Amino acid sequence: MVELLHIKDIAFHFAMWLSPEFQIYLVKEFQRLKNEENDRLKLNWSLQRTLAKVNYHIHTDAIKENLIPREVTKRQAGIVYATEADLLNVALFGFTAREWRETNPDKKGNVREDATLEQLVVLTNLESINALLIRQGLSQSDRLMELNKVAITQMTSLLNSNAVKRLKR
């Protein structure tokens, strides 16, 4: 196998030396393949970001049904939603949305827009788990502890996953 790779390399270099047109073709083809790979990675990230947004409705319904009294104003309810979103941010990323914006003033969007594919997968899972924990009546501090444990376990698993590594290639 090593000999064949060596022979292929020699053949490519010889052909590029003989034909500048072949060299240009080879470079363009390599660039095309790299662009396809980048597009595939962007699509995977975009799909996971969309799933996280859709899954967020499960999370917000649990908040609305279990944490927000009917008597509060929309502004007060908004604070509860933001607090719960930050609970997920702290459990996964280790900081709130505000802390991320202050640390990254040059970046547009929010921490979730800047997240890796693995982080988005875990975030989607944390939203569902937090919804379940809210419905079970766990306090916010207890939920934070549980969600952080899950985030660490899942991130470790995903970062060591050969399937995820292949997906990123």
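Predicted, not measured: the structure shown is a model, and the values here were computed from it. Each residue takes its place number in the sequence, starting with 1.
- Rounding to the nearest 0.5 Å gives a distance of 10.5 Å between CG of N89 and CH2 of W100.
- L123 and L159 fall within a single hydrophobic cluster, where Ile, Leu, Val, Met, Phe, Trp and Tyr side chains are chained together by heavy-atom contacts under 4.5 Å.
- In this structure, the separation between CG on L87 and CD on E127 is 11.5 Å, given to the nearest 0.5 Å.
- A single hydrophobic cluster is not seen to contain both I63 and L92; linkage of ILVMFWY side chains at heavy-atom distances under 4.5 Å, directly or through other members, places them apart.
- Remark: E84 CD to I79 CD1 distance equals 13.0 Å, nearest 0.5 Å.
- To the nearest 0.5 Å, atoms CG (L126) and CG (L133) are separated by 10.0 Å.
- Sorted by first and then second residue, the pairs that involve residues 60-71 and meet side-chain hydrogen bond (donor to acceptor under 3.5 Å, both in side chains), not counting sequence neighbours, are E65-R135.
- Listed by chain and number, the residues in a salt bridge (charged side-chain N to carboxylate O under 4.0 Å, His left out) with E146 are K149 (sequence neighbours excluded).
- Both F93 and I129 are assigned to one and the same hydrophobic cluster, defined by single-linkage of ILVMFWY side chains at heavy-atom distances under 4.5 Å.
- When all heavy atoms are compared, the tightest approach of E102 to P105 is O-CD, 3.7 Å.
- With hydrophobic clusters built from ILVMFWY side chains whose heavy atoms lie under 4.5 angstrom apart, L132 does not share a cluster with I58.
- Between N110 and R112 the shortest heavy-atom distance is OD1-N, 2.8 Å.
- A salt bridge does not link E113 to R101: none of the charged nitrogens lies less than 4.0 Å from a carboxylate oxygen.
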I'd like to know whether Y81 forms a side-chain contact (heavy atoms from CB on, under 4.5 Å) with L67, so could you lay out the CA-CA distance, the side-chain angles of the two residues, the decisive distance to 0.1 Å, and finally the verdict. CA-CA 9 Å; Y81 287 119; L67 299 179; over 6 Å; no
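- Across L138 and R143, no two heavy atoms sit closer than the pair O-NE, 3.2 Å.
- Note that CG of N130 is 4.5 Å distant from CG of L147, once rounded to the nearest 0.5 Å.
- Remark: Q154 engages N125 in a side-chain hydrogen bond (donor to acceptor under 3.5 Å, both in side chains) (not counting sequence neighbours).
- S157 places no side-chain N or O within 3.5 Å of a backbone atom of T153 that could act as its donor or acceptor partner.
- The same ILVMFWY cluster, assembled from side-chain heavy atoms under 4.5 Å apart, contains both F95 and V150.
- Without hydrogens or angle criteria, N148 side chain to A91 main chain gives a donor-acceptor distance under 3.5 Å.
- T96 OG1 to L88 CG: the interatomic distance, rounded to the nearest 0.5 Å, is 12.5 Å.
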